[in-house]
Amino acid sequence: MHEERNVLLSKSTTLALGGPAMRFVHVENEKELAQVVSEADARGEKLLVLGGGSNLVVGDAGFDGVVVKIAASRITPDAKAGKVHVSVQAGASWDALVARAVLEGWSGVEALSGIPGSVGATPMQNVGAYGQEVSDTITRVSAYDRHEKQFVDFAAEKCAFSYRSSRFRGDDRFVITAVDFVFDRDTNGAPVRYAELSRELGIAEGERTSAARIRETVIRLRRGKGMVVDATDPESVSAGSFFTNPIVDAAVVASITSVAGIAPPAFASGSGKFKVPAAWLIERAGFNKGEPAGRVGISKKHALALVNRGGATTEDLLAVARSIRDGVKAKFGVELEVEPILVSCKI
């Protein structure tokens with residue numbers, strides 16, 4: 001265990017924003033985690049568990065509590081009857097897990113390549129991209145229960161997974177310590193179920209190809225959108241997609257069509273609902289890639305990413321985000337929801 005004081009959280013977020021943490025504690029295992037968390041709770045201190053910092057917006061004032069960084073990153077596979085069950089500690093890099101899965105012939109997460117952050121953070125918002133979600137392969141989530149002061153396990157069906165959400169998002173009772181997955185043992189990836197990806201691969205939706213080819217293609221697509229963290233790419237200094245794609249009913253889709261003069265892309269999302277791309281709404285509400293030209297603006301590569309161009313504050317970022325949210329609401333009557341976790345700040 002190692003503790004530091006007044007550590008700037010801007011150094012631990014992909015947005016490079018955020019003020020100081022009162023205490024910053026690195027823990028190596030579950031025992032240390034339980035000790036730090038229980039002691040903080042006993043003292044009434046605020047607690048923030050930090051993963052890769054890729055889905056996090058921290059206020060300029062910082063965090064007046066304890067920030068815990070979990071270092072434990074062991075990946076433990078167990079092959080059984082054509083499947084491989086893999087237990088992964090929360091501190092492991094998500095993309096390192098995907099890379100290993102592809103290398104080992106574990107099929108099911110290859111379309112989630114290039115996503116930054118830690119494994120422990122992925123169940124919280126049910127991370128998804130290019131037709132896959134982590135909930136497709138998760139079998140169990142292990143966590144420390146701050147109320148009962150003990151470690152608990154949740155089977156996948158008890159995690160309340162939904163679009164970019166789960167029982168863990170917005171609830172700080174449970175600190176995720178490990179995630180268990182089950183993968184097919186196959187060098188081919190899962191059937192491709194995303195139009196853009198299938199076009200790039202030159203196959204029909206629902207067809208399969210090698211997981212390695214899917215991974216390579218997804219990373220290329222993400223890089224083209226500034227969605228791969230890269231020190232040489234200034235467009236990647238972001239928190240990824242800042243807004244989620246709204247899920248609306250047919251009447252709202254019809255209203256958007258009437259206002260825009262063209263039907264939006266709309267994808268069936270069950271129960272008569274449709275998912276409409278937030279990027280499409282943003283651009284048609286008059287917010288263009290690369291604008292505004294200040295310290296924070298929309299990425300030149302993707303309308304969903306807000307980029308810190310240098311010298312920005314978190315309040316600069318939130319001001320741009322509010323303008324976009326309010327503009328889309330005024331134009332289409334749809335209120336966009338923020339995807340990253342907001343800490344010590346609000347939009």
Side-chain angles (χ1 to χ4, degrees), residues 8-20 52-63 114-117 129 164 196 218-246 256 259-262 264-265 276-347:
L8 282 175
L9 292 174
S10 58
K11 297 179 179 179
S12 298
T13 66
T14 55
L15 264 168
L17 294 175
S54 59
N55 193 52
L56 188 67
V57 180
V58 180
D60 296 314
F63 186 71
I115 295 175
R164 300 300 174 269
E196 180 186 15
V218 166
I219 290 176
R220 184 175 71 250
L221 287 170
R222 290 183 63 86
R223 194 176 298 281
K225 299 172 182 178
M227 295 293 186
V228 173
V229 176
D230 183 346
T232 67
D233 182 6
E235 297 302 304
S236 72
V237 186
S238 76
S241 297
F242 200 87
F243 298 103
T244 60
N245 296 320
I256 293 170
V259 171
I262 184 174
V276 176
W280 189 95
L281 295 171
I282 289 168
E283 292 189 282
R284 280 156 185 78
F287 300 95
N288 301 314
K289 296 174 186 173
E291 298 177 355
R295 294 181 294 184
V296 171
I298 298 172
S299 168
K300 296 175 183 177
K301 295 182 175 181
H302 199 292
L304 269 185
L306 298 183
V307 175
N308 174 9
R309 300 194 179 108
T313 65
T314 301
E315 188 50 44
D316 292 333
L317 175 86
L318 296 174
V320 173
R322 290 184 195 106
S323 176
I324 293 170
R325 179 199 61 187
D326 295 348
V328 169
K329 176 74 171 179
K331 179 83 171 182
F332 296 110
V334 176
E335 184 159 342
L336 299 179
E337 295 186 4
V338 174
E339 182 165 330
I341 303 296
L342 303 182
V343 174
S344 303
C345 62
K346 60 183 179 180
I347 183 171

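When reading the values below, keep in mind they use all heavy atoms of this one structure, side chains included, and skip hydrogens, waters and symmetry mates.
For A312, the side-chain contact (heavy atoms from CB on, under 4.5 Å) partners are L17, R295, V296, N308, D316, not counting sequence neighbours. Partners of E337 under the side-chain contact (heavy atoms from CB on, under 4.5 Å) rule, at least two apart in sequence or in another chain, are T244.
A distance of 10.5 Å separates CD1 in I115 from CD1 in I219, rounded to the nearest 0.5 Å. With values rounded to the nearest 0.5 angstrom, S323 atom OG is found 8.5 Å from I298 atom CD1. Remark: L318 CG to L306 CG distance equals 9.5 Å, nearest 0.5 Å. Interatomic distance, OG of S241 versus NZ of K225, reported as 8.5 Å (0.5 Å rounding). Note that CD of E235 is 7.0 Å distant from CZ of R309, once rounded to the nearest 0.5 Å.
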**Request:** Start with the C-alpha distance between R164 and E339, add both sets of side-chain angles, then the distance that settles side chain to side chain contact (heavy atoms under 4.5 Å, CB included), and finish with yes or no.
**Result:** CA-CA 8 Å; R164 300 300 174 269; E339 182 165 330; 4.2 Å; yes
**Message:** Run the side chain to side chain contact (heavy atoms under 4.5 Å, CB included) test on L304 and N245 for me, step by step, so that the C-alpha distance in whole Å, both residues' side-chain angles and the decisive distance to 0.1 Å come before the verdict.
**Reply:** CA-CA 10 Å; L304 269 185; N245 296 320; 4.2 Å; yes
**Item:** From CA spacing to verdict: side chain to side chain contact (heavy atoms under 4.5 Å, CB included), V320, F242
**Value:** CA-CA 11 Å; V320 173; F242 200 87; over 6 Å; no
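Counting heavy atoms from C-beta outward, L342 and I347 have side chains that approach closer than 4.5 Å. When side chains are defined from C-beta on, L8 counts as touching P20, because their heavy atoms get closer than 4.5 Å. Contact annotation: the side chain of V328 approaches that of I282 to within less than 4.5 Å [non-hydrogen atoms, C-beta and beyond]. Using a 4.5 Å cut-off on side-chain heavy atoms (C-beta onward), L317 and V57 make contact. In this structure the side chain of F243 reaches within 4.5 angstrom of the side chain of I324, judged on heavy atoms. Side-chain contact check for H302 versus K289: every heavy-atom pair is 4.5 Å or farther apart. Contact check for K301 versus R223: no side-chain heavy atoms found under the 4.5 Å cut-off.
At least one donor-acceptor pair closer than 3.5 Å links the side chain of T314 to the backbone N or O of V58. Although no hydrogens or angles enter the test, the distance criterion places a donor-acceptor pair under 3.5 Å between the side chain of R222 and the main chain of M227. Side-chain N or O atoms of D230 include none that pairs as donor or acceptor with a backbone N or O of S236 at under 3.5 Å. Side chain of T14 to main chain of S238: a donor-acceptor pair is present (N/O by atom type, distance under 3.5 Å, no hydrogens or angles).
A pairwise comparison of heavy atoms in A285 and F332 identifies N-CE1, 4.1 Å as the closest pair. Closest non-hydrogen pair, S344 versus G62, comes out as OG-O, 2.9 Å. Considering all non-hydrogen atoms of both residues, L336 and A278 come closest at CD2-CB, 4.0 Å. Across E196 and L221, no two heavy atoms sit closer than the pair OE2-CD2, 3.8 Å. Closest approach of V237 and A16 over heavy atoms only: CG1-CB, 4.4 Å.
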